[in-house]
Amino acid sequence: MIYTVTFNPALDYVVRVDHFALGAVNRTKQESIYYGGKGLNVSAVLSTLGYGNTALGFVAGFTGDEIERGVKGLGFHSDFIRVEKGLSRINVKLRSQEETEINGMGPEITGKDVKQLFEKLDRLTAGDVLVLSGSIPKSIDDDIYERIMESLDGRGVRIVVDATKDLLINVLPYHPFLIKPNNHELGEMFGVTLHGPEEIIDYGKRLQEKGARNVLISMAGDGAILITEEEEVFRMGVPKGTVKNSVGAGDSMVAGFIAGYLENGSFKHALRLGSAAGSASAFSEGLAGREDIMRLYEELSKEGF
Ligand SMILES: Nc1ncnc2c1ncn2[C@@H]1O[C@H](COP(=O)(O)OP(=O)(O)O)[C@@H](O)[C@H]1O
Ligand SMILES: O=P(O)(O)OC[C@H]1O[C@](O)(COP(=O)(O)O)[C@@H](O)[C@@H]1O
């Protein structure tokens with residue numbers, strides 16, 4: 001089975017404003033709401049690609065009710081824990097001259113709530129895949145992903161972590177199967193700004209030295225670099241297309257990578273399917289559909305990637 005965990009699900013409120021002006025009244029030209037949060041996006045794209053999975057996580061308040069109701073239509077099974085204090089987030093994604101995001105804090109999760117999550121995770125067995133994705137609410141210590149990995153250590157569960165800073169650094173000694181920082185997040189972890197592929201590969205390898213098995217570094221419109229546990233380095237470009245909304249591109253890439261790897265165990269195929277899914281979502285208003293992903297997969301193959 002594949003499980004995803006989203007500590008901080010969200011309603012993504014995507015608004016388009018012509019020439020956004022700070023400190024003035026702006027009016028939207030277009031607005032949409034999506035069910036978001038990194039793990040939920042991974043769950044949705046996995047199910048689009050034919051991989052059934054269960055989304056775990058925490059929801060609260062009326063926004064949490066709506067997330068719980070809405071994801072029922074996205075093709076995966078959900079098993080959320082309802083928490084009492086606070087609200088699930090509404091994350092604002094402002095589309096104007098530039099893409100600006102305001103991501104909320106999320107509800108208050110107690111020790112009792114976290115215990116319930118550990119009970120659910122205790123069902124995982126050898127061969128299962130677990131995706132730990134996204135930020136955590138302020139009420140939780142940033143060793144939580146590490147504690148989850150520690151509790152599953154030795155069970156043969158493949159764990160994928162898509163998080164930033166300490167949340168990610170702390171899990172590395174537990175040998176996650178895959179981590180997916182973007183190039184900016186990779187630089188931030190080491191307090192540097194990275195220029196060019198050589199530096200990115202160098203710093204990616206440092207994460208491997210700290211324990212990660214496979215490191216996938218996404219670089220938005222510049223594609224991605226994969227450093228595998230077999231000491232191979234693959235580079236991937238992007239297909240042609242017009243970006244409509246890049247929210248969820250990284251999550252789609254993670255889902256495509258997992259689906260591709262589970263299909264035949266090939267890292268090259270996983271990277272290509274992950275990249276096709278990432279770009280297909282960047283070229284869509286919401287998350288990508290299967291047809292678009294497969295079309296871009298063929299395009300990347302034809303271009304020799
Ligand atoms: N502007 C874009 N054009 C084409 N593909 C893109 C674009 N933005 C993202 N992608 C695809 O999605 C992947 C993940 O996007 P990225 O923005 O790096 O992730 P994140 O959202 O985690 O920061 C990229 O590696 C690329 O394959
Ligand atoms: O948990 P975080 O880091 O605040 O991110 C949450 C946001 O990430 C997203 O899952 C999108 O992530 P990506 O653009 O990195 O794929 C949004 O749906 C959500 O609003």
Side-chain angles (χ1 to χ4, degrees), residues 4-14 32-45 55 57-58 63 67 70-71 74 88-94 99-106 131-138 140 142 145 160-165 167-168 179-188 197 200 216-226 234-257 270-284 286-288 292-293 296-297 299-300 303 305:
T4 65
V5 177
T6 313
F7 271 86
N8 221 345
L11 293 175
D12 286 343
Y13 180 49
V14 184
S32 335
I33 293 182
Y34 298 100
Y35 304 100
K38 297 203 188 313
L40 292 184
N41 290 341
V42 174
S43 280
V45 177
F58 301 92
T63 42
I67 292 169
V71 299
L74 299 182
S88 288
R89 306 179 286 175
I90 299 176
N91 288 346
V92 180
K93 315 284 174 178
L94 174 64
E99 292 193 338
T100 305
E101 305 201 2
I102 305 175
N103 289 355
M105 289 182 299
V131 184
L132 300 172
S133 217
S135 67
I136 52 167
K138 275 213 170 117
I140 296 185
D142 62 10
Y145 284 176
V160 176
V161 184
D162 183 5
T164 57
K165 299 185 192 155
L167 260 183
L168 181 61
I179 58 172
K180 194 219 67 68
N182 65 34
N183 51 332
H184 305 293
E185 291 160 353
L186 176 62
E188 259 175 43
I200 290 173
L216 174 57
I217 303 136
S218 66
M219 305 179 298
D222 292 325
I225 292 174
L226 174 68
F234 295 113
R235 282 202 63 182
M236 182 64 59
V238 295
K240 284 186 200 72
T242 307
V243 177
K244 290 198 178 141
N245 170 25
S246 65
V247 173
D251 308 333
S252 304
M253 171 170 251
V254 169
F257 187 98
L271 174 62
R272 200 186 289 136
L273 190 57
S275 300
S279 294
S281 283
F283 300 161
S284 310
L287 295 174
D292 287 337
I293 297 174
L296 297 188
Y297 178 94
E299 248 175 66
L300 286 170
E303 283 172 28
F305 286 113

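When a ligand or atom number is given, it counts from 1 through the structure's own listing order. Since the model is a prediction, treat every value here as computed from it, not as a measurement.
- The backbone N or O of P9 lies less than 3.5 Å from no partner atom in the side chain of S88, so there is not a single donor-acceptor pair.
- Remark: the backbone N or O of K38 is not paired with any side-chain donor or acceptor of T6 at under 3.5 angstrom.
- Between the side chain of N8 and the backbone N or O of M105 there is at least one donor-acceptor pair closer than 3.5 Å.
- Looking only at side-chain heavy atoms (C-beta outward), P137 and F7 come within less than 4.5 Å of each other.
- For the residue pair M253 and A224, the shortest heavy atom distance occurs at CE-CB, 3.5 Å.
- For ligand 2, the protein residues within 4.0 angstrom (heavy atoms only) are D12, G36, G37, K38, N41, R89, N91, K93, N103, G134, S135, S246, V247, G248, A249, G250, D251.
- The residue from V42, N41, V45 that alone fulfils the side chain to side chain contact (heavy atoms under 4.5 Å, CB included) condition with S252 is V45.
- Looking only at distances, no side-chain donor or acceptor of E303 sits under 3.5 Å from a matching main-chain atom of L300.
- One side chain, K93 or N103, offers a donor N or O that lies under 3.5 Å from an acceptor on the other.
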Before giving the answer on side chain to side chain donor-acceptor pair (under 3.5 Å), spell out for E188 and T164 the whole-Å C-alpha distance, their side-chain angles and the decisive distance to 0.1 Å. CA-CA 9 Å; E188 259 175 43; T164 57; 5.8 Å; no
N or O contacts of ligand 1 with protein under 3.5 Å, please list pair by pair.
| from | atom 1 | to | atom 2 | distance (Å) |
| --- | --- | --- | --- | --- |
| ligand 1 | 5 (N) | S279 | OG | 2.8 |
| ligand 1 | 18 (O) | S218 | OG | 2.8 |
| ligand 1 | 18 (O) | A220 | N | 2.8 |
| ligand 1 | 19 (O) | S218 | OG | 3.3 |
| ligand 1 | 21 (O) | G250 | N | 3.4 |
| ligand 1 | 22 (O) | K180 | NZ | 3.1 |
| ligand 1 | 23 (O) | N182 | ND2 | 2.9 |
| ligand 1 | 25 (O) | G223 | O | 2.9 |

